[in-house]
Structure formats: structure tokens, C-alpha cells
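Every chain is numbered from 1, with letters handed out A, B, ... down the list of sequences.
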Amino acid sequence: MTFFAKFCIPFIIGTVFLFAVVLIKYLTWLRDLPKSDLKLIIRGIPTPRTLAAVWEVVCESLLHRRIFRVNPMLGYMHMSLAFGWFLLIAVGWIETVAYLGLRWVPLQGHVFFKYFVPLNGITEHKPLFDFAMDALLLFVLSGVGLAWFKRMRSRALGMKRTTKHILFDRIALSALWCIFPVRLLAESITAAIYGGGSFLTGGIGSGLASIMSVNTLTLLYEPIWWLYSIALGTFFVAMPFSRYMHIFTEIPLIFLRHYRLKPEDKEKSYDNFEVEACSRCGICIDPCQLQLQLGINDVQSVYFLRDRRYNMLQQKIANNCLMCGRCEQTCPVGINLNTLRLNSRTSMRNIPNEGRYNYLRGLDRSQGEGQVGYFAGCMTLLTPNTMTSMQRIFEAAHEKVWWADKEGGVCCGRPLRLTGETDSAQKMVDYNKALFAKHNITTLVTSCPICLRVLRDEYNLEGIEVLHHSEYILRLMRQGRLRVRYSSELSFTYHDPCELGRGSGIYDEPRAVIEAIGQLLEPEHNRKNAFCCGSSVANTAINDAQQLTIAQHVAAELDSTGAETVVTACPQCKKAIVRGSKRQVMDLSEIVAQNLR
Amino acid sequence: MKHVIIIGGGIAGMQCACTLAEKGIATTIIEKDSDLGGKIRSWHVLFPTFTPADQVLSAVRHRLAKAESVTIKTGCEAVKITPKCVTLSTGEELTCDAVVIATGFTLFDARLKEEYGYGIYDNVVTSVDLEQMFNKGEVRLTSGLTPRRIAILHCVGSRDEKVCQRHCSKVCCVTGVKQAIELKKMFPAADVFNFYMDIRMFGPGYEEMYREAQLMHNVHFVRGRISEVSPTIDGRLQIKAEDTLTGRPLKMGIDMLVLLIGMRSNDMNPTLEAESGLKCQPSGFMQPKDSFLGNVESPIEGIFYAGAVTAPKNIGESINEGTAAALAAAEWINK
Amino acid sequence: MAKYFDMLLEDVRLREGLTACMNCGVCTAVCPAAAFYNYDPRQIVCMVQTRDDATIEALLKSETIWYCGECMSCRPRCPRGNTPAYVIQALRTLSQKLGFFVESEKGRQQLALKRAIGDNILRTGYCLTPRNIRPELHPEQGTVWKWIIDNDEQIYGQFTSVYGKEGAGALRKCSDETMEEIHKIFEVTGGKEFFDAIEQHSDRKAREMGFDGANEEYFMEVYTRNSNEHY
Amino acid sequence: MINFGFSISKPRTIDIDRNNLHKSNEIMHEMPELQTCIGCGTCTATCTAGNLTEFNFRKVHTLVRRGEYQGAYVEMNKCMLCGKCRLLCPRGINTRGVVMLIKRKLGDF
Amino acid sequence: MKRSSWTDYQKDIADDNYYYARSCIRQNFFPGSEKVFLDILSKDLGRNIFDDPLHTSCTGIGYHSDVVPLETIMTVVARQFALMSEAGYENFTSSCITSFGIYTELLNTWEEFPETEERTRENLYKATGREFKIPKNLSHTSDVIFHHREEIARKAVRKLVNVHTGEPLRVVEHIGCHYAKIFPKKGVGGSEFPYVLAGMVESWGGEIVDYPERRHCCGFGFRNYLVQANRGYSVANSHKKLESMAPFKPDFIVCNCPGCTMFLDKWQYTIAEMEGTTYGQNGQGIPVLSYEEMAGLVLGYDPWVLGMQMHQVDVEPLLDKLGVEYDPSAKYLGRNGKYIGRPERAIVNSCSEDTLYKIRR
């Protein structure tokens, strides 16, 4: 039996190339992993996590469950292509076995089985397999059709924007779009000449036979199989350099993730898996407020990852992100978009410390004494009402408080961290840590979610509980140390600060506090889907007018709830929303202090 | 028919005459030049809208030409003024029912600020010279080349005790910004530096124009008054100032220096004070009856003020005062 | 806090030198000291104008008031008719009266000036005489000056007949009667007292700094010391 | 060599003609809004780092605009990027962006 | 240089009968200039000038070094005025710019704050028993020369012209800050375009050079020169001026103020020795003259009688340009007419090779 024809060469080259490149990539990445990560993998393999990973691979890589959740149509498209193709290969293999029994057949023998069947003089047909294969082909083709349609009319698929692609993507995409239609034609022509095929290939085949002479069909026969092979070969060659690398990369990624690997402050080899697992589906573009409200559409995570992957990342792209985390919520691959962007910024901007911030040495401007420390944060100093409200709350609860920065202190380090100047940020962290330790506090309250984030995640304050003031106030209320008046006359709406909500997972505490005072009216986008106020310290690229535009959008939505007061729990958000809102905008602490009983 | 004499045929006087004529009052305009129009004739475009000065002047001229019973006496000055009679330099005495003084201001003589070298060094020009260059459509250095770096100095002859001009001339800042934009439009590759102490953008659209000059035209603003100008070996000028925002002295070579000369009180004002019993302010500008309730009236009933004779004013304000003075005069006559 | 601004006001130079500064910077623009020191006369005037005694005390103890060369280039330009150099003179005088001058490196040099110029006036009736411009302390005076000093009688003798003698002419010795009058003037007008204050405060500071009083060693210290932190 | 006991002081005057304005022009090109600074000093007044040191943001960025780069990088590194100035700037200048840009241009990264 | 308005500042200068006050710096460094000034006035111009043995320094250097209090200097100055009145003069002329500045400033202070004049009268009387009158006319000695410049021009034996090319000599004038910057109207031509030296140069056939740092201070700065640690400031300012004027290729610098004359001269030596930079067309420095020396040369005085051997920067190249006939070998002769040795060679003081040669011969 022969399982070789000249037309197979493009396919064979493509396949060998693909597997070689993918293998080299993975091995290099794995080799470059830090020791600690390797240890995690080795320890993780003999655990149930491996099974969980396998299950997730099936659910995600084949069935694309997460995309389904975001957008069923898009989910179907991805599933039909991935799962359909997978089944074509799997069923095709079974078909081969069914025809030839268990024997070794070279890869191209499986792929181009329909070609080799008549060549090897097999005349028998297995209608069941024909039907199954035709059905699967149709399944895949429906996905291809949707993809075409999405390219032309993305909105019809519920996506406002699709990704703009690079050359390799376009080559791979074109090849991919050809593969299945050409396969359909090739198998149909084969069916027209040699018979066989089911409702699809058989149907088209007999149709073709009725309008074309056998000579014409024979003339087309070889070229169309060549074309199929070339399409496959091209796709495979382009694939490792294109976004389709995600098809494979997602699989090891899922395993590594189950072994608890994750991106960190500084770029590392593991990041490659995340970066190349991005399918550039573009789902991250839509929720991005820079796109939504400012019409900026070349900076989103998909472009960031693309640029990073091809080493063409510019600071103006890396810096143009609010880091609100809205895209991370929707990413079907679950890539840690913020962390990756942050460590890119770090690579671009971090400079090993040259004795900077030496002026912090020996500095202590704190006041008061107490077990509870209050860290206002720089921004809170610009919203003095929050400060005085906190003071009233502390007094009402008879809390003795140590004020870390009432007269101006040292920044928490989060803003530097967000711009990538990690080592500089560490200076702030070290300073403030030492300050907290010096004053023997057990609880640290802050009213700035930006500070909260870094105080919790990076300070590792042993023996000190870090609370956002919303948590702290709620606790006081529940302990009965703080009593507030309730009035149904009062209506509030609440803006979730990014760093507090998505960043720290604090959604319920501020709401509970508000509901103890008055009626809470939720805006359309809230909790995980809440909008960013636009003034995020993470974005150093947009200008003031752009910040204002976002703030106005956000404020309009908050205003439209009809609540008389807009409440937020972040000084930065307050400052931003005030610029756009027609209502009074208050910090959570202010409404509490005003309604103390 | 009642008769009002308007002294000064600048934009305020012309506007005043139009308004009075339209109210059926005869007017005589006394103008020392050979033609009406006053200083606006030398201006190119007006801030902040870049409206050609000529367009504004023509509109008023047109209105004036249509008005009846307006007599224009050019080439003569008023030497003595009473509400009922004006004595001219020719010796002629004109009787009237009221007088509006719209004699405007005198331009500061930049030569008095010797350290800026006006009249001594080439390519030191005043804002008025520059307006005339704009009118000719050509700004050139004495060498015939185009300037590559231009400095515009604010407050020349304003806010300066050394030349006895303590007051702020008000319009120079805006003019400076306007001229900077015009220069940048003419020479986009040139650097234009404005040296200022305070930028006083008091009118509608002025601040916006200032911002536009910075953002769209990349005009540089240095907070510091130029201290001196001297010639360099390559025929340019060297200026010295302090960049007060950095607390350091600054010097640079420039091709052209534009001095934003201020508005001085009219040289005639002391004569008015002596001959007609009117009062000058310490700045030399005439003192209106009341700064709020009677700013187009003089302390003498029947004598009114319009325009920059009482204080530095821009074109729009002068025109408004022309109208206001006309209405006040008409009301007084008919009382 | 002492009323430093009121003390300054007693000095006619302050009243003459400071009306109301509008911070235009024409003084600094042409100031030779601002060109080479970390110095801004405009800011000094502005600080004095605050009338804040704490600010003024800090000024009196600072290096910055000692940079001015008193060339008066600032005077003709000021659009408000101020004279920053007069303000400086008033500050320096007060700083010496109060003994604050020893708190700054440049201020401590007043001792050297008092000894080099002040004492010379009381000795000779002139601020400078050839003998007190010693070539070893003035290498920049050059080779010709050394030649002159080495041959002073021969050289000066060509231009004056009274070199080192009483009479009319250049480089004469002032008569004892004249010198007595000068000494009297210094006594009556507080010049001597001022000199003594400089000596006393310097002596105090010298001891603080570990010198054995305001001796020759301390003199050379203040005369030559440059921390290079003035630029 | 003669020991004079002093050397010729270096000029402190900002000499626009001698300064290389290349980087300054690049900065202005990337961040044209910086040109709209009206020198009000709000940034410096609110500055967290300025509260603790002599760091004067307005002065440093003005010097950089004049081509005086010496020491500017070190000065800019005193900034904690806390962003208060950005919230207060009446001309809405992206001051944090300015700090980062100046650091990038002068620190060559 | 186009001048327009200096005439507005024409100041009154007495024509005759001067009371002469010497300068600390000028008599130290340029005693020949003081001598020749008196000679020009009394011999060439036939004016009466009194050189009083009783007067002293005005203590201005001490005052501007802030060690002599205001009240003290006022009284010292009052004593000079008293001496003038006692000698029967009312036109005071000072050889020193610092003094001239002090006199004008104090006269103004007395006028504006009369109580200070009262106090000074009391102090002077208490200390010396003398009483003073305000001088009728106060001038700097350059004002006097300026006043007589046309008469000098008529008596001149040569013009400020390069005898080899016939071109006028290019002259940088340096006025001295305290001449007109304190009271612009007290100086001829005012503070921005002072005419006192320019008038002389123009009258005597030279050409004035305007250059960027024309008005800049020489850098004396009193305490800034007098204390060694501060001299970097002093030399830097002269350096700035010299750098600025050098491209204009001046033939010489003429100074109003004795201090400036000395500094612009001596700092050229220092700069040359410190960093090897020299100015002037022959690379050996720009000669620096006092206006008395300039007048003396124009009137035909011998350069060594003028004391030009006391300059650090050699003046011989200028003398050659002017066509002055001088005896090079007489430069280093003492009062006794004998060779007293020459100064050690320096970069700006080296063109007297033939002098030595002639002496040896």
C-alpha cells in the first residue's frame, strides 16, 4: 500500500516544521523557568491537579466553555473549529483503522485518507464513517463560515471590534480559511470520480459529476489535493509565529497553572506561555473603557500581548492602560493581563536603585498613638473631608489612633509599582513597613484602595491587619461601636473603585454600610463590571480631557440611578467623579460621619 | 438742532458720532490728524478673533458716512474746552451743547528704555512696528533674512517706575500672544519666546488664545522681564533675563526683539487739566466722575469721556464707551 | 522671635532699597553673583518682603546674603525702583550686629575683611596700601606686582615724592592728626564697636569650631576655605 | 603650575544658545501639553516629595525645557509619582507622564 | 554704536578749581595715572586743582565689604567735604569710582533722609570739630577729562589711530558699575550707554566697540575679590567679559574705574596661567589702560612716565600701533635711572625680549 504522493510534501514539511518549532519553544521556555517554578511542576505532576488540568483542557481548549459564557455565538465558532477539527482527526484515525485494521499508517495517510483509498484499490465504502466525517466537516465549515462573517460583520456576533492582525496572522488565517473548503472540494471531486462520500461530499460530488465531464474532474483531481496540502502546510508553517500558536500553548498553560505557576513582578519564562496562549480573539477590546469611551483601539491587552510577543512593545502602548481589570474578567484564556502588563512596564522602566529616596531615612512625621493606625495616603490628603470624617468616626468609636501621614507622609509605593519602577516602589514599602513596625500597631486602616492593594499584597505586614475603611467601619457597626441613623429618604448610588472591587474583592462591605444609612441604587455597571473612573494612577498616557470624558461617562451612569448622592470609597474616584457628576459626590466615610448617631 | 463736539476721531469718537447722529444730534469731530480712525489704522488684526482691524474701522466709517449732520474737522486740535464752547488751535471757537473727549492715548516711546536698544540696535522693533510689518505682509530682519528666533517682551513702558508708568496697559499681554501666533504662522520653524511678568488675559477668548499659542503654536513663555539687550558679533541680539520659575539667569541670542509698548496717558491731558479744569489721575489718564456709575462722565457737567482717554482700553471697550458717552451726552442735552 | 524686619527698617538702605517687589527678575538677569553662585537677589528681596521674622532670621544666618558683589547692577533696572543690593547691605549689617554672620562659611569671612581692610584703614587711612597686598596671599596679582613690591621705593618713587612720607601726593603717610581724626570718627559713629563685634563673634565661633580663638590660623581658615557648595 | 587657591567659577546662567535642546524638543514633541504650563506652582505646593525635600517639580521641568539637563534626572528621581499634582494642575497637564517622560529621556530607557 | 539719547543725561561738570581726592586702588596700582591727571590739568590745560595732604580714603572698600558701617563712612565723607570747604574749594573730584559712587549715594541719602545728614554733622563735629558744606559740583576725574576732551584733542600729538593701517583703533570701554548704575543721571550718558569714555575715544579718533557683556561688572565684588576663597567669582566675571569682547578684536580696553583697570589687567594673567587662554590679537593679552593713560598718550606723554610698566599685560603692541616713540630699555628702570631687574616672564608679559637685550648691551 502506498501512502505517499508528491502533493503531500507541503503538508509533511509544514507538519515537521510545526512540531519542531513548537517543541523547541516549549523546551526553551521550560528550561528557562526559575527553579522554584520547576519544583512546583515536579511536585504537581503526581497529584490530582494533573487530572483537573486534563479536564480543563477538554473543556477549554476543545469546547471553549469560557467563551461560551461570554458570548455563545463566539463560543460556538471557536468550538466548531477546535473541537470539530479535533474530531475530524480522531474519527479520521478510527476510519483508517476501520478500513485498514490496526497498522501503521504515516500521518499523511490519515490526513489524505480519502485520496489514498482509491489509490490503493479499496472500493469498499463505509457509509457510516462517510456520514460521520461529512457531518464533522460541516460542523467545522459552519465555524469557518461564522469566522468569515465575523470578520465582515463583527457586531452581528456581539463584538464591537475585532483584532487588527499582523502579517503572519493574515497568512495563517487565509490558509486556515482555505483548508476546510478546499478539503470539501477535494473530497467531493474524489467522490465524483470514485464514488463514496455521504450527504455532503457525496452530494456535491454527484452534483459535480452531473455538470462536468470525467476528464475535467480528473484534471482537477490532483491540483485540488495539492491545494489542500499546501493550505495545511502553509498554515502549519505560519502557525507557531501567528496567533494560532494559542491552540497548542493553551494546553501546557493549563497544566502549569494547575501546578500553581503564575506571573510575577518581573518578567520570567512562564510569561511566554501566557503571552502565546492569547488567541487574539479580541474579547478584551470591548470592555476596555479606553475603546468604549475614548475610541482608542490600539492599546488593549490583545495588542499589548501581541507587541510584547514580537518584541515591539512601546512604552506608550504599555503605559496606556487603566489597569481597571475589566478585560481580565472576560479573557477566555484567563491570562493575567494586568500582571503581564505590569512586569512589562517593569522591564521597560525599572532601574536598579541608585541610592534614590535616601531622603526618607530617619523620617517620621506621624502623630498620635494607638493600636489602630490610619494611613490616609497621598490622595486622601486632597480630600480632607474624608480625613475629618475618619477622625469623627474614630472619635465616635473611642478608638485611639496613630496617624501615619496626617501632615503628609511617604507614598505607599503603588503608583511607582504601577509604572514599573519596582525597585523604587520597594523603597517606599520598606520605609512604611519600618514606620508601622516602629509604632507597634495591630490594625492598619486606609481610605485609599490604591494603598490598600499594595499594603495587602506586597507589604507582608505580619501581625498587622490591613483594612480598608469600608471594612473597618462595617466592623465597628457590627460590633456596635458605631451607630448610624437610617433614613429611607436618603438615596445613594455606589461606584466600585477598581482597586477595591476587582483589585481587592471588596464589594459587599461598602454596600452594607450604605444600606445601613439609606437606600442603595445600583448603577448599570457594578461590582465586577463596574467602570473605572478614568483617573487611575496606572495610566500615564491619556490626557486630562480624556480622563474627564471617562469620568463624565461614569458619572452620567451613576447620576442616572436617580440617587441624590454618589458614594465611592476611593479619593481618586471621588475627585474624578466630582468633575462629571451633577449630584453630590461623597466618600463612604463622609456619609457615615454625617449620619452618626 | 442740538450740537455735540467730539474731540478725537479715533474709533471711540467715530462710534460716538454715529450714535449721536442716529439720535438726531449734530456732531463735529475735531481730529488732529488728516484723517479719522486714530491708532486702529496701524493695527493689523485684532485679538482674540484675528478680525482685520480694517474691517472694524470700515464698518464704523461706513456708518459714519451714512450719518447726517456730522462735521469733521481734521488737522486741528482743541486747546480749551468748556461744555458750551471749544477753542481750536486755529483760534476758531465752536459753540455746542456738550463735549465728548475721546482723545485716546499716546504710545510709549520705547527709546526711553535704553537698555532695550530701540533706535540703537537693528531688529529691535515695537509691537506697533510689527503690526505695520504685518500690514505690509512682510516681516524681515534688516539683513533681509527671516528671523529664526524672536523674543517678545511684555510691559515695555508699563508697570515701570523708571519711566514713570506705574499702570498696566492691559492690552499688551493679549497683543503679545496674538503677535506670537501671527509670527509662528508666518515662520513655523522659528522659536518665539514671550518674556512676561504676569499674563493678564482679561477678556473673553483671551485665555483660550494664550493656551492655543502654547499648545498649538509652541510659543515659549518665560516668566521674567528682559533686563538688557546687546549686540553680538554675528549681528544678532543677546538678551538677558531671569527665568524666575527656575531662579536662574537666562541669556540667548535672538534675531528680533519685539517690545510690547504700553499706552501712556495722552500728552494733551495736562493741558486739559490746566485749561479746562478737568482732573488727571496719578497715571496721567483723565479721571472720570465715578469709576462705576459715571465712567463716561467728567466731573464737569456737559463734558464726557469716551475710550482710552481715561484708561487703557481695547477696541471693543472703546467702541462701547463711544456709544455710552453718546447716550450720556444725549440724555444730558435733552434734560 | 525678635523683630528682625523692624530692625532692618531702621536701616535707611532698606527703606530706600525695598518698596514692593513684583518678582520680574531683571535684577537677577544681570547680577554677576547670580551668574556664578546659587544666588537669586529677587528671591532675597521677596523673602524680606514677606516680613516674616523666621524667614529673615534664616536669611541672616545663610550663605546666600554673602554672595552679592555690591556692584549695583540691579539698581538701574528695577521697574519698582528697588535696590536689592541695598537690601543685602542692610541684611549683612544686621547679621554682623547680631552675630549671625558666623553661622555661614561666607559670613565668617567678615573677620578676614575686617582685618585686611578695616584694620588697614585705622592704621594707614587707606583701605589698601601696597604692603598689605602681599604677593603670597595674592598670586593672581602676577609677576609685575611682585616686581613692584620687591622694588617699591624705586618704582613708586618715580610717581610720588612722598612714598611712605607725610605730604601731598600718592601713597603718602597720613599725618598723626589725620589718623587721630579717623579713629575718633570710628569711635563716635560706632565703627570701632562694629569691628569689635566682628572680632568677638568670630572668636566665639572659632572656639566652637575648635580653634584657639580668632587667631591667625582661624583667619587663614576663613580666608581660604571654600566648601564648593555655593554654585 | 601656580596654586592660586581658587579656580574660575562655572557659569550658572541658562544659555539657550549653548544648550543642546534636542532632548527638550523631543520631550515637547511627545508631550506638547507641557508647554501649556503657566507656572502656577500648584504641583510643587502639593508635592509629596517636595514636602520632604527641596524637590521642585516646576523648576526641574522648566529647566529641562530650557535644555538644562544636569541634575534633572537625579532630581526627578525624588518624585514618588503619587499623582497629586496631576489631580490639581489647572491646565490639566499629565504631570506623572511628564515625570516619566523626562526620566526616560534623560535616563535613556 | 548708534546712540540716541545720551544727551538727555548731560551732567554738569565744573570747569576749573577742583578739590582732588585720591583713590586707594589707583594710587597703589596706577600712581602714574594720578600724577598725569594732575599734570594734564595744571600743565596742559592750565586749570587749578588741589591735592590735599589731609584727606584720607573714603573707606568705600570697607563699606562695600560691609565692615564699615554706614554712619561711619558718612562721617568720613563729611570730613573730606569739610576739608574741601576749608581749602576754599567747592568742586569735588574723585579719582575713584567706588568713592564717586559713595559720594553720590550719600549726598542722595542726606537729601532723602535729612535726619542722616543732621546726625553726620553732629558726628563729624564731635569727632573732629569740623563742619562741612555740600560740594557745589561733584565729579569723577574722568568727567573732568571728558569735559576737557575737545581741548585735549586740540593739543593732541596723535590720534587713537593705527599708524600702520590708518584705521581708527577699536576700543572697548569699561565704565565701572558705581559710576552710573547707582545714579544714572550722575554719570555722563546715563547707565545704559555711558558716554564718558566713549566721548573721549570718539574725540580722539578711536572707535568704540559694543559687545554683549559691555555693561557687565569686572567682577571685583569687594568681598568676592578680597577673600581668596571667593576669587573664583571675581575672575569668572572678568573671564565672561573677556570672552565676550575677544571676537570683536579690540586694540585695547580703557577703564573708568581703577579697580576695573587693575582686574581686567591682572585677570588676563591669571586666566592665561590657569587655563592657557589669552585674548588679544597677538595672543599676549589685550592692553588695559586708564583714561588718564589714554589721555597722556594722546598728549604725547612717555609711556613709562605714565606708569605703564606697572601693567601686567604688555602695552608695547599698542604703543607700536599708535606709533608712540618710546625707549623699550627704559621700562624697567628705577627712580635712580638704573635697571632694577625685570618681572618674571609670564604669558601676557613676554614681549620685552629686546628690552633686556638692549639693557645688556
Side-chain angles (χ1 to χ4, degrees), chain A residues 315-316 319-320 345 347-351 353-360 363 365 377-383 405 407-421 424-425 427-428 431 448 450-451 535-548 571-572 575-576 579, chain D residues 26-38 42-57 60-61 71-109:
Chain A
Q315 286 203 26
K316 62 177 181 190
N319 289 341
N320 201 351
R345 288 183 181 180
S347 302
M348 290 171 141
R349 290 200 63 94
N350 190 44
I351 322 138
N353 198 289
E354 306 146 342
R356 271 172 286 165
Y357 305 105
N358 279 348
Y359 61 82
L360 299 180
L363 195 79
R365 294 203 171 177
C378 304
M379 291 298 174
T380 308
L381 296 176
L382 293 181
T383 54
D405 55 354
E407 299 298 322
V410 171
C411 174
C412 63
R414 178 80 177 152
L416 277 166
R417 180 79 192 77
L418 285 171
T419 53
E421 301 191 19
S424 293
K427 280 268 176 181
M428 317 280 119
Y431 168 81
C448 176
I450 305 168
C451 304
S535 285
S536 163
V537 287
N539 192 316
T540 48
I542 57 171
N543 64 28
D544 185 63
Q546 292 170 313
Q547 287 189 335
L548 180 62
Q572 180 95 313
K575 282 264 186 225
R579 296 176 74 185
Chain D
E26 276 182 5
I27 288 167
M28 297 314 292
H29 183 74
E30 281 196 37
M31 191 72 85
E33 66 191 78
L34 180 55
Q35 187 73 304
T36 66
C37 172
I38 48 174
T42 306
C43 48
T44 306
T46 192
C47 181
T48 303
N51 192 16
L52 307 171
T53 68
E54 291 289 299
F55 173 59
N56 181 333
F57 175 59
V60 178
H61 81 63
Y73 178 68
V74 174
E75 275 299 300
M76 275 304 184
N77 272 325
K78 291 182 179 164
C79 166
M80 304 188 195
L81 276 172
C82 71
K84 279 167 80 183
C85 47
R86 187 173 183 184
L87 278 186
L88 296 183
C89 176
R91 281 290 178 100
I93 298 169
N94 176 1
T95 50
R96 298 179 75 239
V98 171
V99 174
M100 289 174 66
L101 179 62
I102 289 177
K103 276 162 68 163
R104 175 154 67 83
K105 288 287 176 190
L106 301 186
D108 289 315
F109 58 87

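Judged by distance alone, with hydrogens and angles left aside, the side-chain atoms of N94(D) form a donor-acceptor pair with the main-chain N or O of T540(A) at under 3.5 Å. Within the 3.5 Å criterion, the main-chain N or O of E407(A) finds a donor-acceptor partner in the side chain of N51(D).
Residues C411(A) and C82(D) approach most closely at SG-CB, 4.1 Å, considering heavy atoms. For the pair K78(D) and Y359(A), the tightest heavy-atom approach, listed with the atom from each and the gap, is O-OH, 2.5 Å. Nearest approach of R86(D) to D544(A), heavy atoms of both residues: NH2-N, 4.0 Å. Annotation for N319(A) and M100(D): closest pair ND2-CE, 3.7 Å, computed over non-hydrogen atoms.
Distance CG/N77(D) to NZ/K427(A): 12.0 Å, rounded to 0.5 Å. Separation of atoms CZ (R104(D)) and NZ (K316(A)) is listed at 9.5 Å; rounding is to 0.5 Å. With rounding to the nearest 0.5 Å, the separation of CZ in R356(A) from CE in M80(D) is 13.0 Å.
Contact annotation for R91(D): neither backbone nor side-chain heavy atoms come within less than 4.5 Å of a heavy atom of chain A. In this structure, no portion of C89(D) lies under 4.5 Å from any heavy atom of chain A. No part of A576(A) comes within reach of chain D, as not one of its non-hydrogen atoms sits under 4.5 angstrom from that chain. Of the atoms belonging to Q547(A), it is side-chain heavy atoms, and not backbone ones, that fall under 4.5 Å from chain D. Of the atoms belonging to T46(D), it is side-chain heavy atoms, and not backbone ones, that fall under 4.5 Å from chain A. Looking at I450(A), there are no atoms closer than 4.5 Å to chain D (heavy atoms on both sides), in backbone or side chain. With a threshold of 4.5 angstrom between heavy atoms, L381(A) approaches chain D through side-chain atoms but not through N, CA, C or O.
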message: Could you go through K103(D) and R349(A), starting from their C-alpha distance and side-chain angles, then the distance that decides it, and tell me whether this counts as side chain to side chain contact (heavy atoms under 4.5 Å, CB included)?
response: CA-CA 9 Å; K103(D) 276 162 68 163; R349(A) 290 200 63 94; 3.7 Å; yes
task: Determine, stepwise, if the pair T419(A) / R96(D) fulfils side chain to side chain contact (heavy atoms under 4.5 Å, CB included).
output: CA-CA 10 Å; T419(A) 53; R96(D) 298 179 75 239; 3.9 Å; yes
- request: For the pair R365(A) and L52(D), evaluate side chain to side chain contact (heavy atoms under 4.5 Å, CB included) and give the outcome as yes or no after the intermediate values.
  value: CA-CA 10 Å; R365(A) 294 203 171 177; L52(D) 307 171; 3.6 Å; yes
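In terms of heavy-atom pairs under 4.5 Å with chain A, the best-connected choice from V74(D), T53(D), L101(D), L81(D) is L81(D). Contact tally against chain D (heavy-atom pairs below 4.5 Å) for L548(A), N358(A), N543(A), L418(A): the top residue is N543(A). Contact count against chain D (heavy-atom pairs under 4.5 Å) is highest for M379(A) among Q572(A), R414(A), M379(A).
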